[in-house]
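Worth knowing before you read on, the calculation uses all heavy atoms, side chains too, and leaves out hydrogens, waters and symmetry mates. Numbered from 1 within each chain, the chains take letters A, B, ... in sequence-line order.
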Protein chains: 2
Amino acid sequence: MTHSLEGYIYHNLLNPSLEEAHDAVKESLTRTLLLTLIGLCQVSYQGRASSELDWGDRLIVIKPDGSVLIHQSQGYEPVNWQPPGSIINTQLSEGYLVIKAIRRKPAEELIIRFTKVYALTSAKLFDTSKIEMHLTEEELRQVILENPHLVEEGLRPVAKEWGDFSGFIDIFCRDKNGNLVVLELKNEVADQQAVSQLYRYVSSIKKVSPLVRGIIVAPRITKEARRLLMTLGLEFKQVNLSKCRSLLQKSKDSQSKLL
Amino acid sequence: MTHSLEGYIYHNLLNPSLEEAHDAVKESLTRTLLLTLIGLCQVSYQGRASSELDWGDRLIVIKPDGSVLIHQSQGYEPVNWQPPGSIINTQLSEGYLVIKAIRRKPAEELIIRFTKVYALTSAKLFDTSKIEMHLTEEELRQVILENPHLVEEGLRPVAKEWGDFSGFIDIFCRDKNGNLVVLELKNEVADQQAVSQLYRYVSSIKKVSPLVRGIIVAPRITKEARRLLMTLGLEFKQVNLSKCRSLLQKSKDSQSKLL
DNA sequence: TATTAAGTATGGGTG
DNA sequence: CACCCATGCTTAATA
């Protein structure tokens, strides 16, 4: 059985001939599908290192982005691989089904020779999700609004936004000395862009309120962002997202009790 | 279609119901097979870090050693995973097919929930091969015997073995000063064991020939092995296996020409 | 078993 | 494109 059908599976072949497997691999490559093969193969790699893997049964995964993974039945790591961006082609040669994955810079070549394919599956994956941090920025904002002491003792939120600069997830506060403080929240690593955004923000406000402070609130910050932050006279406060998550949960629980 | 048949494939299901998929996963786990699933799933991880991966199509690989890999259609790295040795179980719960992989020390939990399985394949892989270096130690020995200058200028092999110490793949030489030199060959990284073996060798010979030298010949050496080597007064000579390979090829070519 | 170093590390931020 | 750095790094070597 082959070709588009139910679900997103294009090919699902059991013990195909090498010719059938070759056709399916070719079609998977032109359609840029995810391809998995289980078969008896031999692998040779030359590039940053060199290796030969003698005949044995393995799982091969070829991804639409040109990644190739060769897995044995043990271990987290593939025994051989090729990174994303590799150019992949296939041929029938000397009685083998051959799949080559080539990369330039660094020059690397991976050659897989099959004498037998036990199973072949290809599919189109629909997956728009990215790995998510524990909290959305909106949730982090809620936690900080309810627990400003996480950033600094004596901090009091005074307004959620500031006229002209809406659209950013920021919080305005006054510190224990009564000075204005702008918080910029990030639910993942804060980079230089975050720092310069906060800087533009803060320097605009300085014209009105010269003693304004700016603090990046994030689980972590890149080294260069931290350096820029210091030269611009801004501040960084690390927050533990797991801690914030549990505070958010407590807050939700107490709200539902009140209902 | 399910259960043992041709080749080494046990299950090969296309768009199974969650019940069918669950049964196949259970059987794959008890039989310790390699299992691949393509399906619509949601993933949550808690352990050294925390993450949530929202609904999307992915490839899941579960290995006989307890490794779990969750791959999206891009990238070399799995988006989520569990290392070898994890304890894996499956259940049907709240309309989902749930697969959990748990590890103690460090405590980690990976939970995969499927609403739809497009394809499921399980197989027994027969694979005794390990990844091989470019040269066997016997081939490396041949290359060094024919090209002793690769180790040191003026080196001359004098005997392949030394009475009492046979059984090791080593080479005896005299250097340009006529002193005895013992070579210990390794076709991969030389470790402390290799160094101490060479040391035992050399110190025995020292009783007869006090000026004997010992050299490890290998593509590389571990840091600790190098430290030990220096304290024991031994030497290390790095060889390029690719270069050795081409020299071996040349040698074979010239031999076949003579025939 | 814990610690340290190596890897075809990979992947992201930055200049 | 190059470099530097973090990673749920993983894995092997070593104390």
Using a 4.0 Å heavy-atom cut-off, does B:Gln82 contact any base of the nucleic acid, only the sugar-phosphate backbone, or nothing at all? base
Tell me which nucleotide among C:dG15, C:dT8, C:dT10 gets nearest to the side chain of A:Tyr45. C:dT8
Under 4.0 Å, counting only non-hydrogen atoms across every strand here, what does B:Pro106 touch: a base, just sugar-phosphate, or nothing? nothing
Verify the stacking flag for B:Tyr76 against C:dT10: centroid separation must be under 5.5 angstrom and the ring planes must differ by under 30 degrees. no
B:Ala49 has a side chain; which of D:dG8, D:dC1, D:dT10 sits nearest to it? D:dG8
Is the distance from OP1 or OP2 of C:dG12 to the nearest side-chain N or O of A:Thr222 less than 4.0 Å? no
Does anything in residues 68-89 of chain A pair up under side-chain hydrogen bond (donor to acceptor under 3.5 Å, both in side chains), and if so which pairs, sequence neighbours excluded? A:Ser51-A:Asn80, A:His71-B:Lys63, A:Gln72-B:Asp127
Determine the interplanar angle of the A:Tyr8 and B:Tyr118 rings, folded into 0 to 90°, and report it as parallel if under 30°, tilted if 30 to 60°, perpendicular if over 60°. perpendicular
With a sphere of 6.0 Å drawn around CZ of A:Arg245, does it hold more than 12 non-hydrogen atoms of other residues, nucleotides or ligands? yes
For the side chain of B:Asn147 and the backbone of B:Leu150, is there at least one donor-acceptor N/O pair under 3.5 Å apart? no
Nucleotide nearest A:Arg220 (side chain, heavy atoms from C-beta), chosen from C:dT14, D:dT7, D:dA13: D:dT7
Counting side-chain heavy atoms from CB outward, which of C:dT8, C:dG7, D:dT7 is closest to A:Glu108? C:dT8
Between C:dG15 and A:Gln192, is there an OP1 or OP2 to side-chain N/O distance shorter than 4.0 Å? yes
A:Glu224, nearest nucleotide to its side chain (from D:dA13, D:dG8, C:dG15): C:dG15
With respect to the side chain of B:Lys223, which nucleotide from C:dA5, C:dT10, D:dG8 is positioned closest? C:dA5
Looking at D:dT11, C:dT10, D:dC9, which one has an atom nearest to any side-chain atom of B:Pro84? D:dT11
Picking from C:dT14, D:dT14, C:dT8, which would you name as closest to the side chain of A:Asn80? C:dT8
Could you check A:Pro83 against A:Ala190 and say which one's nearest nucleotide on DNA chain C is further toward the 5' end? A:Pro83
